[in-house]
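Report on the structure given below.
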Amino acid sequence: MKRILIVILIIATFAPFMCVEAKKNRKADKKEWFAKMRQHKHDFIEDELDLTDEQEDKFFPMYDAMEDELHKLNRETRKLEKQVADKNATDVEYDAASKAIIELKKKEADIELKYFDKFKTVLSSKQIFELKRAEKKFTHKIMNAHNKKRKKD
């Protein structure tokens with residue numbers, strides 16, 4: 001009986017530390033995954049737009065800044081959406097969340113327009129036009145790979 005009590009006490013003592021460490025590992029894994037995915041996307045866009053080394057060096061810092069702004073905006077909107085969805089919201093809260101979701105599209109467009117002018121200093125008109133197509137093609141490629149993997153599992 002004493003042994004069981006000691007084992008339980010040891011587990012109870014170290015369990016919080018193990019949980020914190022596991023959470024840190026998941027965050028590190030997630031950051032590593034995003035970094036790999038970003039590099040994979042860079043490589044894909046570079047090939048699709050046929051970028052020169054000089055264009056690549058100037059374009060991707062701007063592109064990453066745009067992606068970061070869009071990601072932050074989407075994260076904030078998803079947070080609001082989740083807050084409303086997770087509780088018994090009032091009509092006013094539903095209206096505010098719905099408007100925020102709709103406003104997201106406008107804000108995304110504003111960010112993309114802001115960067116469009118910056119991209120014009122580095123990319124040709126055709127490359128800027130092809131950028132959106134390349135992004136859609138990349139997303140489609142990733143989704144297809146994900147679906148194939150899910151079917152295997």
Side-chain angles (χ1 to χ4, degrees), residues 14-153:
F14 290 106
F17 298 111
M18 294 182 332
C19 291
V20 167
E21 192 61 34
K23 189 173 182 178
K24 284 180 186 177
N25 288 340
R26 282 194 307 268
K27 282 186 177 183
D29 290 345
K30 193 174 185 180
K31 283 184 179 183
E32 183 181 331
W33 182 87
F34 275 112
K36 285 180 182 178
M37 187 58 67
R38 179 172 270 185
Q39 185 57 53
H40 184 60
K41 189 173 186 179
H42 284 196
D43 294 341
F44 186 85
I45 289 172
E46 177 188 349
D47 289 342
E48 289 291 310
L49 301 183
D50 196 25
L51 297 177
T52 65
D53 289 340
E54 184 180 340
Q55 284 177 315
E56 187 180 338
D57 291 341
K58 292 178 182 177
F59 170 70
F60 283 116
M62 288 187 284
Y63 185 78
D64 290 344
M66 180 186 76
E67 290 272 294
D68 291 343
E69 281 187 51
L70 291 170
H71 182 73
K72 181 181 177 192
L73 182 64
N74 279 296
R75 191 174 53 236
E76 290 170 359
T77 304
R78 281 193 313 270
K79 183 179 175 184
L80 175 63
E81 186 178 2
K82 186 175 178 359
Q83 287 173 347
V84 172
D86 287 349
K87 67 178 189 174
N88 196 7
T90 66
D91 284 345
V92 172
E93 290 170 318
Y94 280 126
D95 285 345
S98 297
K99 186 173 183 178
I101 293 167
I102 293 167
E103 286 287 323
L104 170 69
K105 300 274 188 222
K106 183 178 182 241
K107 290 176 183 176
E108 284 176 339
D110 290 343
I111 291 169
E112 288 184 8
L113 279 172
K114 177 177 82 173
Y115 281 92
F116 172 78
D117 291 332
K118 292 179 181 184
F119 294 162
K120 284 171 47 174
T121 64
V122 177
L123 303 177
S124 70
S125 296
K126 182 179 180 185
Q127 287 173 318
I128 292 172
F129 175 79
E130 292 293 330
L131 176 61
K132 273 296 176 199
R133 295 177 78 199
E135 288 174 325
K136 287 179 186 176
K137 195 173 178 181
F138 178 79
T139 302
H140 187 70
K141 178 182 171 186
I142 296 299
M143 292 304 294
N144 282 343
H146 176 72
N147 287 338
K148 285 180 184 177
K149 185 177 185 237
R150 279 184 55 200
K151 287 180 182 177
K152 278 184 181 179
D153 296 340

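Here the structure is a predicted model, which means the values were calculated and not measured.
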- Message: For Y115 and F119, take the angle between the two ring planes, folded into 0 to 90°, and tell me which bin it lands in: parallel under 30, tilted 30 to 60, perpendicular over 60.
- Response: tilted

Is any side-chain heavy atom of [X] less than 4.5 Å from a side-chain heavy atom of [Y]?
X: I128; Y: F116; answer: yes
X: Y63; Y: M66; answer: yes
X: M37; Y: I142; answer: yes
X: H40; Y: K141; answer: yes
X: K148; Y: K152; answer: no

- Message: Side chains of R38 and H42 only: does a donor on one sit below 3.5 Å from an acceptor on the other?
- Response: no

Give, for atom [atom1] of [X] and atom [atom2] of [Y], the distance between the pair rounded to the nearest 0.5 Å.
X: R75; Y: L73; atom1: CZ; atom2: CG; answer: 10.0 Å
X: N74; Y: K79; atom1: CG; atom2: NZ; answer: 14.5 Å
X: F44; Y: Q39; atom1: CZ; atom2: CD; answer: 14.0 Å
X: T77; Y: I102; atom1: OG1; atom2: CD1; answer: 11.5 Å
X: L123; Y: L131; atom1: CG; atom2: CG; answer: 7.0 Å
X: Q55; Y: D57; atom1: CD; atom2: CG; answer: 10.5 Å

Other residues, nucleotides and ligands only: do more than 12 of their heavy atoms fall within 6.0 Å of [atom1] on [X]?
X: D91; atom1: CG; value: no
X: D47; atom1: CG; value: yes
X: K114; atom1: NZ; value: yes
X: F129; atom1: CZ; value: no

- Query: Is there a side-chain contact (heavy atoms from CB on, under 4.5 Å) between H140 and N144 once you walk through the steps?
  - Reply: CA-CA 6 Å; H140 187 70; N144 282 343; 3.1 Å; yes

What heavy-atom pair brings [X] and [Y] nearest, and what distance separates the two atoms?
X: L80; Y: A100; answer: CD2-CB, 3.4 Å
X: P61; Y: E56; answer: CD-O, 4.2 Å
X: Q127; Y: L49; answer: NE2-O, 3.0 Å
X: T121; Y: M62; answer: OG1-CE, 4.5 Å

- State whether the side chain of E93 and the backbone N or O of T90 hold a donor-acceptor pair below 3.5 Å, judged by distance alone. yes

- Task: Applying salt bridge (Lys or Arg N to Asp or Glu O under 4.0 Å), run through E130 and R133 and close with a yes or a no.
- Result: CA-CA 5 Å; E130 292 293 330; R133 295 177 78 199; 3.3 Å; yes

- Hey, mind stepping through E135 and K132 against salt bridge (Lys or Arg N to Asp or Glu O under 4.0 Å) and telling me if it holds? CA-CA 5 Å; E135 288 174 325; K132 273 296 176 199; 3.1 Å; yes

